[in-house]
Amino acid sequence: MRGISRQTENSLGRLLVVDDDLVQRTVVGKIGAKIGYDCLIVPSLELAESALAREAFDVMTLDLSLGERDGIELLRFVADRGLRDMSIAVISGCDGRVLKSTRRVAEALGLSIIGTLSKPLDLDELKDLLQSPRRQRSSTVVGAASVDVSPERIAAGIRQGEFVVEFQPKVELASGRVVGVEALARWRTSELGIVSPATFIPVAEQCGLMPELTDTLLTSAMSQGRKLIDRYSDFTIAVNVSGSLLSDLALPERIEEVLRKEQVPAHCLIVEITETTAMADVDRATDVLVRLRLKNIGTAIDDFGTGYSSLAALVKLPFSELKIDGSFVNGCEDDEDMMKIIEASVGLGRAFNMKVVAEGVETAESLAALRRAGCDIGQGYFFSPSLRLARAESWISRRNEFVAQRAAWTSQQLPTMPDHAAFAADGGDRQQIGLTQVR
Amino acid sequence: MKDVETFDKDVLRQLISELGPEDTAEVLRAFLDDTNRKIAVLDTACPDPVLVRQEAHSIKSSAGTFGFLTLSMLASEVEQYALCMSPEQLKKATLSLRKIIEETVDFARSVLLAANMEIE
């Protein structure tokens, strides 16, 4: 057990750091102290319980894996003692689904979860989260759908360059290679922290700000992503475009103009159509999509399977890619009905000559099932969350390097490998593995 | 391999700018001690796959915090494969890990020297 005193005049209160990873707990404690907390750092559940029984804390960061014990036990302890005012930030190296479920458990216990962080820790996110109790715990990274944002604030954010993109890798399941990324919108504000797209997209849709926002994000995705395109052949960058924008017949030309300015070849862009239900006029949408395809730009139907018009849209509109919604992918391996939907989607994709992408891949088990079903590409926390450009570049080059040159210890046959083992993550191309040594 | 980043230097730079060089050195020292201890435990004639998996998991996460990409990803691969590797393969994997850790120590030392800090 170790204390670190705050390093600023103004105290934000007391912070309890519970983490069995020496490095991580030290980093969290030190960052906490820099921000203005008085910190107590403990490495185990037992010490955390005794600290909580003895003293009051304003905030607690909790790593879910605590050696033999797990963080859920501690959450129950906190609930039993009625410490519902303490803000809790949950950290885990497990996949996003574990974090989400933990959040639900904690909320069911009536605890104040201010956010969840995955490992490796992003220091900016950690700082944002630790500062958020002061901002009335309302607006941090994950699950904050309740922040009020005005159209004026969004418009100002667009002008001030607060909207940025992060890149989530897309992995080809047959080879394990990263073949593209999806650019995801992020809004970083000084007063609200990071605002979730679930909050600002509906407002932007309602007040007609989507064209402007889409242009901003497209430009940002292209200018940043060009580095990846230059480096890997046939690499694609996907950008989300709302179905509501497909009534604008000038959209293909506007997109082409951005590509020209940013010097990105048309075939490297995939326009992902979200909210196909918002397409007011299917004829106009068809016009727009056909011209995008003629310009060699890829088109994807996003969130396939949700919304009643998906199937109609799929049949009528010229998509080159079908993205199965994550809600059918999570836990698909244990759910026959979901598997049927995935298999049917793959069949539809084949029939209409589309690549099939599974979104929200979070576990090795789901991934193995998706490969068996014949999905072409996977995307999700199992591989990587969305990353800022520099980290995305590093991640992709590492990943592709590992795929190209397997380390010596995987080069030999692994006959005992169970079917669901993580090999699936790497595309199972064992026979191609060379004896190259890892640097 | 030439173009591949072994270290995401921005992560370490950010850590130094957030924590200051002294605190970063302290955390790095702790990491290196801890990692060396783990490797010593694994470095036996017949490593226990469960233990290898557990330690690789922990190395993966700490290395990620510092932006040690190669180490983190190698540890991640070891974590994924450990339970289905033969003792010989486990030994090789441990050896690979140790080699990368040595490179990482050299790099960490050079960064800290640049920031006027000694690592040991």
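Naming: A, B, ... by sequence-line order, numbering from 1 per chain. Because only heavy atoms are used, hydrogens play no part in the values below, and waters and symmetry mates are left out as well, while side chains stay in.
For a residue to count as touching a neighbouring chain, one of its non-hydrogen atoms must lie under 4.5 Å from one of that chain's; by this rule B:Leu95 does not touch chain A. No part of B:Glu79 comes within reach of chain A, as not one of its non-hydrogen atoms sits under 4.5 angstrom from that chain. When heavy atoms are compared at a cutoff of 4.5 Å, A:Asp124 approaches chain B by way of both its backbone and its side chain. Contact annotation for A:Ile31: both backbone and side-chain heavy atoms come within less than 4.5 Å of a heavy atom of chain B.
Not counting sequence neighbours, the partners of B:Arg13 by the side-chain contact (heavy atoms from CB on, under 4.5 Å) test are B:Lys9, B:Asp10.
Note: A:Trp395 CH2 to B:Ser72 OG = 11.0 Å, rounded to the nearest 0.5 Å. The structure places CG of B:Leu74 at 9.0 Å from CZ of A:Arg398, a figure rounded to the nearest 0.5 Å. Separating the OG atom in A:Ser394 from the CE atom in B:Met73 is a distance of 8.5 Å, to the nearest 0.5 Å. Between atom CG of residue A:Asp63 and atom OG of residue B:Ser61 there is a gap of 7.0 Å, rounded to the nearest 0.5 Å. Here A:Gln24 contributes atom CD and B:Ser58 contributes atom OG; the two are 10.0 Å apart, rounded to the nearest 0.5 Å.
Note on B:Glu18 versus A:Lys30: no salt bridge recorded, every NZ/NE/NH1/NH2 to OD/OE distance being 4.0 Å or above.
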Chi angles and distances behind the side-chain contact (heavy atoms from CB on, under 4.5 Å) call for A:Arg391, B:Val11: CA-CA 9 Å; A:Arg391 298 186 86 177; B:Val11 174; 4.2 Å; yes
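Per-residue counts of heavy-atom pairs under 4.5 Å with chain A were compared for B:Ser76, B:Gly64, B:Gly67; the largest is that of B:Gly64.
For the residue pair B:Ser62/A:Asp21, the side-chain donor-acceptor check at 3.5 Å is satisfied.
Judged purely by atom type and a 3.5 angstrom limit, A:Lys34 uses its side chain to pair as donor or acceptor with the backbone of B:Leu19.
Nearest approach of A:Val23 to B:Phe31, heavy atoms of both residues: CG2-CB, 3.4 Å.
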